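Heads up, the thing below is written out as structure tokens.
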Amino acid sequence: MLIQAMELSKHYGEGESRVTALDRASMRIGPGDLISIMGPSGSGKSTLLHLLSGLDRPSSGRLLYDGRDIYSLSDRELSAFRRRSIGFIFQQFNLLPVLTAWENITMPLLLDKKQPDTAYLQELARLLGIGERLTHLPHQLSGGQQQRVAIARALAAKPEVIFADEPTGNLDSKSGGEVMELLKGVGAQLGKALVVITHDRAVAELARRRFVMADGVLTEVTA
């Protein structure tokens with residue numbers, strides 16, 4: 001899937017009180033791309049992620065997924081599109097404490113009335129190093145293992161692109177590095193695009209394409 005963001009802007013307020021959170025951001029995301037977007041708090045990183053993933057609508061600009069403007073969809077259609085085409089990984093693991101790792105991974109599929117692809121999910125768990133931990137509850141897992149469960153959940157529906165917002169923010173440097181290497185490896189093996197929002201330079205430099213954000217302006221620093 002080819003994703004094209006064209007002149008995306010997001011404004012809040014009107015007149016003299018208007019704030020520009022994102023200023024005419026453009027980028028292309030292709031199959032298998034590994035992209036990092038780095039910048040300080042308040043630079044517009046999360047705003048960009050929310051627009052690229054259809055979680056929010058821009059003040060102006062277009063976002064095409066294989067030539068289709070997803071902002072032309074109704075809220076219901078857009079919600080279904082996100083569930084089936086986009087995976088999300090956040091700083092908070094957001095695992096339900098009363099469900100096992102396997103149940104946390106498969107729950108979004110069941111809510112979407114889909115049967116889990118058991119063979120695919122078991123192979124995914126093996127690639128992520130949690131194949132022996134699927135019957136454990138979240139409190140029985142380390143932080144790194146919980147984030148791996150969250151990654152498996154994000155990939156369960158076989159999305160075309162994964163958006164990760166500070167995925168190593170709650171991990172120590174060793175676990176964070178391991179999680180990023182796993183993300184890179186799994187993304188490459190499955191041919192998924194991965195876009196990582198981070199303020200950590202070490203994480204950003206693991207990407208093949210790197211962008212920086214400052215005051216709502218997006219700039220690619222490597223190609």
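All residue numbers refer to positions in the sequence shown, counting from 1. In this text the structure is predicted, and so the values were computed from the model without any measurement.
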I'd like to know whether CG of D69 has more than 12 heavy-atom contacts from other residues, nucleotides or ligands below 6.0 angstrom. yes

In Å and rounded to the nearest 0.5 Å, what is the CZ to CZ distance from F163 to F90? 11.0 Å

Which atom names give the shortest non-hydrogen contact between A204 and S36, and what distance separates them? O-OG, 2.9 Å

Electrostatic pair D33:R209 at N-O distance under 4.0 angstrom: yes

Counting heavy atoms not belonging to R62, are there more than 12 under 6.0 Å from its CZ? no

Just by modelled atom types, is the L49 backbone N or O under 3.5 Å from a matching donor or acceptor in the S53 side chain? yes

Between the side chain of N104 and the main-chain N/O of L99, is any donor-acceptor distance below 3.5 Å? yes

Heavy-atom donor-acceptor pair, D66 side chain to L2 backbone, under 3.5 Å: yes

Counting only heavy atoms from other residues, nucleotides and ligands, does the tally under 6.0 Å from NE2 of H50 exceed 12? yes

Apply the test side chain to side chain contact (heavy atoms under 4.5 Å, CB included) to residues F211 and M38: give CA-CA distance (whole Å), side-chain angles for both, the deciding distance (0.1 Å), then the verdict. CA-CA 6 Å; F211 291 78; M38 189 176 73; over 6 Å; no

Minimal non-hydrogen separation, P138 against P97, with atom names: CD-O, 3.7 Å

Let me check something: do V98 and L95 share a hydrophobic cluster, defined by ILVMFWY side-chain heavy atoms less than 4.5 Å apart, either directly or through other members? no

Hey, are the side chains of R153 and M107 touching, using non-hydrogen atoms and a 4.5 Å cut-off? no

What do you reckon, is CZ of R57 surrounded by more than 12 foreign heavy atoms closer than 6.0 Å? yes

Single-linkage hydrophobic cluster, 4.5 Å side-chain cutoff, L48 and M6 together: no

Say whether, by atom type as modelled, one donor and one acceptor occur between the side chain of S79 and the main chain of D75 under 3.5 angstrom. no

I'd like to know if the side chain of R28 and the backbone of A5 have a donor-acceptor N/O pair within less than 3.5 Å. no

Measure the CZ-CG distance between R83 and L109 for me, rounded to the nearest 0.5 Å. 11.0 Å

Search all heavy atoms of A193 against all heavy atoms of I29 and return the closest pair with its distance. CB-CG2, 3.8 Å

In terms of hydrophobic clustering (I, L, V, M, F, W, Y; side-chain heavy atoms under 4.5 Å; direct or indirect links), are I105 and L127 co-clustered? yes

Would you say T47's side chain and L22's backbone share a donor-acceptor pair under 3.5 angstrom? no

Looking at D117 and K158, is there a salt bridge between them, counting it only when a charged N and a carboxylate O are closer than 4.0 Å? yes

Quick one, I37 and V196 - any side-chain contact, counting heavy atoms below 4.5 Å? no

Minimum heavy-atom separation for G39 and H199, please, with both atom names. O-CB, 3.7 Å

Using the rule that two of Ile, Leu, Val, Met, Phe, Trp, Tyr join whenever any of their side-chain heavy atoms come within less than 4.5 Å, decide whether M27 and L64 are in one cluster. no

Hey, is the main chain of Q92 close enough, under 3.5 Å, to the side chain of N94 for a donor-acceptor pair? yes

Quick one, K10 with T20, criterion side chain to side chain contact (heavy atoms under 4.5 Å, CB included). Give me CA distance, side-chain angles, the key distance, then yes/no. CA-CA 6 Å; K10 185 68 176 181; T20 298; over 6 Å; no

Please check this pair: side chain of T106 against backbone of P116, looking for a donor-acceptor N/O pair closer than 3.5 Å. no

Please check this pair: side chain of Q140 against backbone of L137, looking for a donor-acceptor N/O pair closer than 3.5 Å. yes

Looking at CD of Q145 and CZ of F93, how far apart are the two atoms once the value is rounded to the nearest 0.5 Å? 10.5 Å

Side-chain (E123) to main-chain (Y120) donor-acceptor, under 3.5 angstrom: no

